Amino acid sequence: MIEKKILEAAAKGIKQLYHQEIGPDKIGIEKTKKNIKGDFTLLIFPFAKFSRKSPETTAHEIGEFILESLSEIKEYNVIKGFLNISLKTDFWLDFISENAFRQEYGFHTLRMDSPVLIEYSSPNTNKPLHLGHIRNNLLGFSLSEIARANGRNVIKINLINDRGIHICKSMLAYQKWGANETPDSSGLKGDHLVGKYYVLFDQQNKMEIKDLMEKGLTEDEAAKQAPLILEAQEILRKWEARDKDIIQLWKTMNAWVYEGFRETYQSLGVDFDKIYYESETYLLGKKLVISGLEKGVLVRKEDGSIWADLREDGLDEKLLLRSDGTSVYMTQDLGSAQLRYTEYHPSEMIYVVGNEQNYHFDVLKRVLKKLNKGYADHIFHLSYGMVELPHGKMKSREGTVVDADDLIGEMIATAESTTRELGKANEFTEDEAKKLFRAIGLGALKYFILKVDPKKNMLFDPVESIDFNGNTGPFIQYTFARIQSLLKKGMDTGFSFQSFKVDDIFLLDQEKNLIKIIYQFPAIINEAWAELSPAVIANYSYELAKEYNQFYQEVPVLKEEEDRKIIFRLALSSFTGQVIQNAMKLLGIDVPEKM
RNA sequence: GGUCCCGUAGCUCAGUUGGAUAGAGCAACAGCCUUCUAAGCUGUGGGUCGCGCGUUCGAAUCGCGCCGGGAUCACCA
């Protein structure tokens with residue numbers, strides 16, 4: 001790319017002028033600010049030391065050198081220590097000619113090297129998905145797309161948490177009060193039906209605890225002695241002993257939940273290449289821990305429990321195997337990491353998991369390192385912040401969760417009413433209209449979630465967040481739809497891209513700014529991948545769409561223009577549309593042709 | 001209390017390896033539909049980048065110390 005050439009020329013210039021070896025990558029380059037003349041800017045301040053001249057003079061000398069050594073450069077100017085370089089119009093015209101009709105502009109072709117594993121979603125099968133899961137799923141899916149665009153062989157993994165005491169709680173409540181209710185008989189989605197019993201368990205359990213406390217027990221004692229908890233624990237024991245009835249119930253209820261999840265995943269447009277079930281993998285880590293004990297990197301205490309001592313790393317001791325020999329969460333994660341490593345030999349293993357588990361992943365990596373597993377260094381925890389509501393946090397017990405299915409439904413309904421109010425759905429068939437409302441509603445939701453830096457906590461106001469104006473998904477979709485409409489009109493009027501050839505066409509400043517933003521796209525995809533942040537793509541898309549809208553405003557009526565100018569503008573519109581489409585693909589957002 | 005993360009306009013968020021006058025949207029106000037989609041565009045007002053010190057040509061960005069908010073520190077997952 002041209003930036004590289006400029007940097008190399010600058011490095012050469014510095015060497016020749018001031019006899020200093022500077023790596024091209026050590027020189028600062030950036031896109032020139034909007035209101036200043038130039039395309040790229042070099043930061044010359046640091047080299048004033050070597051030249052022993054003022055930054056201005058130094059910049060002029062280097063600028064002169066680059067101008068002479070690179071044919072692409074038209075001119076340069078200097079402001080303080082900023083060397084602003086303008087490229088020849090031909091450079092930008094060539095760029096347009098070469099790329100304007102490349103469908104996959106910005107995307108690397110697929111290389112089949114060792115895969116990247118991306119785990120996301122990882123739901124529990126005792127309740128439906130909520131807003132927090134939505135952030136997880138969208139991040140995981142988008143990140144997978146970004147990795148693919150960067151040429152990686154991506155395996156999307158879902159590790160389903162289908163066993164444990166929390167699952168037994170909803171099973172118990174169903175046994176007691178379910179009265180053979182099914183999704184069909186109740187009209188409830190399977191995951192919601194199971195979730196109903198999980199909540200019921202919690203309510204009943206709380207009442208029991210309250211009663212016991214009134215009889216004089218402490219809260220801790222009450223929580224441990226409540227009959228329902230004891231019964232749930234009994235179910236867990238039976239489950240582990242493969243009790244026929246319990247296993248049957250477990251299978252039935254999980255099947256309901258999976259059917260419910262399937263629908264929600266489909267709505268969100270996310271999918272997986274490999275599904276692991278914790279019920280099948282939860283016993284795996286033990287061997288790893290035992291071997292660590294034999295190698296002497298782990299320690300056994302008097303009661304028989306096994307620990308990792310991480311105090312030298314500034315952390316605490318961490319339990320890996322209980323005194324009764326059963327495994328804990330960490331044991332399971334060690335096992336599942338080893339499993340997926342031996343199955344795929346990935347170059348990277350990414351886990352999309354909330355930031356409340358930062359400590360867990362820190363420990364996981366350190367323990368794997370102690371066990372001498374080289375892949376520990378290739379584990380990345382994409383830690384994302386919580387989604388907060390205006391009136392505090394989401395707590396399932398207090399009924400303040402925002403349910404994923406409800407939210408999706410509301411987004412679509414709002415998209416529908418807004419679209420109808422604007423009178424935009426009139427020309428659509430019922431089917432087309434339905435598809436459109438889905439695309440817009442989900443586009444708004446996805447963009448809203450993804451545009452925020454993953455590591456930050458974010459605020460979601462269910463009322464105010466449903467907006468289709470300004471920095472939103474629908475704005476970008478709308479821009480795309482208008483471009484398609486413009487292209488169609490152009491074609492109808494008889495312009496053909498067949499004859500598209502840019503040579504001496506004068507570029508307006510406005511257009512050039514748009515072209516420069518498009519030019520950046522491949523670099524943006526890279527950056528998003530390096531930072532594991534779809535937000536980079538989202539914010540870029542908005543900048544592009546906004547710039548295009550300004551450009552669009554300037555485009556005069558087609559028929560009043562001379563032909564080649566029109567063709568150039570149509571080509572530029574087409575190119576912009578292509579880039580918008582590609583960017584939206586990376587975010588998992590559909591772009592309707594018409595809206 | 002230990003560790004980690006966050007703090008930018010009234011609100012929600014951008015801000016590239018430290019760079020030029022810190023940017024968008026929402027909300028408020030004023031304009032623009034006889035022409036390719038007004039879910040748009042143009043303009044106005046709105047800032048002690050939490051506070052202080054330091055590093056240097058230059059700090060929202062890096063370092064240290066405070067203040068505020070969050071997460072986590074279970075023989076739970």
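So that the names make sense, note that chain A is the first sequence line, chain B the second, and so on, each numbered from 1. Because the structure is a prediction, the values reported are computed rather than measured.
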**Item:** Out of B:A77, B:A20, B:A39, whichever nucleotide has its closest atom nearest the side chain of A:Glu30
**Value:** B:A20
**Asked** Quantified in whole Å, what is the P atom distance between nucleotide B:G58 and nucleotide B:G19?
**Response** 15 Å
**Partners meeting side chain to side chain contact (heavy atoms under 4.5 Å, CB included) with A:Phe45 (sequence neighbours left out)** = A:Pro55, A:Lys80, A:Phe82
**Request:** Assign a letter to each nucleotide of nucleotides 26-31 of chain B from its 5' end: B, base within under 4.0 Å of a protein heavy atom; S, sugar-phosphate only; -, no contact.
**Result:** S-----
**Complete:** Output field dot_bracket for RNA chain B (Watson-Crick or G-U, both distances under 3.5 Å, | for other-strand pairs) contains (((((((..((((.....[...)))).(((((.......))))).....(((((..]....))))))))))))....
**Message:** Could you work out, with salt bridge (charged side-chain N to carboxylate O under 4.0 Å, His left out) as the rule, every residue matching A:Glu317, not counting sequence neighbours?
**Reply:** A:Lys301, A:Arg311
**Fill in**
Numerically ordered, the residues 41-55 of chain A set in heavy-atom contact under 4.0 Å with RNA chain B is A:Thr41, A:Leu43, A:Phe45, A:Pro46
**Item:** Set of residues satisfying side chain to side chain contact (heavy atoms under 4.5 Å, CB included) with respect to A:Gln332, sequence neighbours excluded
**Value:** A:Arg163, A:Glu278, A:Tyr282, A:Ser327
**Complete:** With sequence neighbours left out, the residues meeting side-chain hydrogen bond (donor to acceptor under 3.5 Å, both in side chains) with A:Gln357 are A:Tyr329
**Request:** List for me each residue that meets side chain to side chain contact (heavy atoms under 4.5 Å, CB included) alongside A:Asn469, sequence neighbours excluded, and say none if there are none.
**Result:** A:Asp467
**Request:** Identify, with sequence neighbours excluded, every residue that meets side-chain hydrogen bond (donor to acceptor under 3.5 Å, both in side chains) alongside A:Trp529.
**Result:** none
Nucleotides 41-43 of chain B: which of its N/O atoms have a protein N/O under 3.5 Å away?
{"unit_1": "B:U42", "atom_1": "OP1", "unit_2": "A:Gln550", "atom_2": "NE2", "d": "3.1"}

**Prompt:** In terms of base orientation, is B:C33 syn or anti, with the syn window spanning 90° either side of 0?
**Reply:** syn
**Item:** Aromatic A:Phe40 / basic A:Lys31 pairing, under 6.0 angstrom, 45° off normal
**Value:** no
**Message:** Test of understanding: with side chain to side chain contact (heavy atoms under 4.5 Å, CB included), list the residues that count as partners of A:Asn549, not counting sequence neighbours.
**Reply:** A:Phe475, A:Thr479, A:Arg482
**Prompt:** Per the atom types in the model, does the base of B:U37 pair as donor or acceptor with the side chain of A:Lys424 at under 3.5 Å?
**Reply:** yes
**Fill in**
The correct set of residues in residues 446-456 of chain A placing a heavy atom under 4.0 Å from RNA chain B is A:Val452, A:Asp453, A:Lys455, A:Lys456
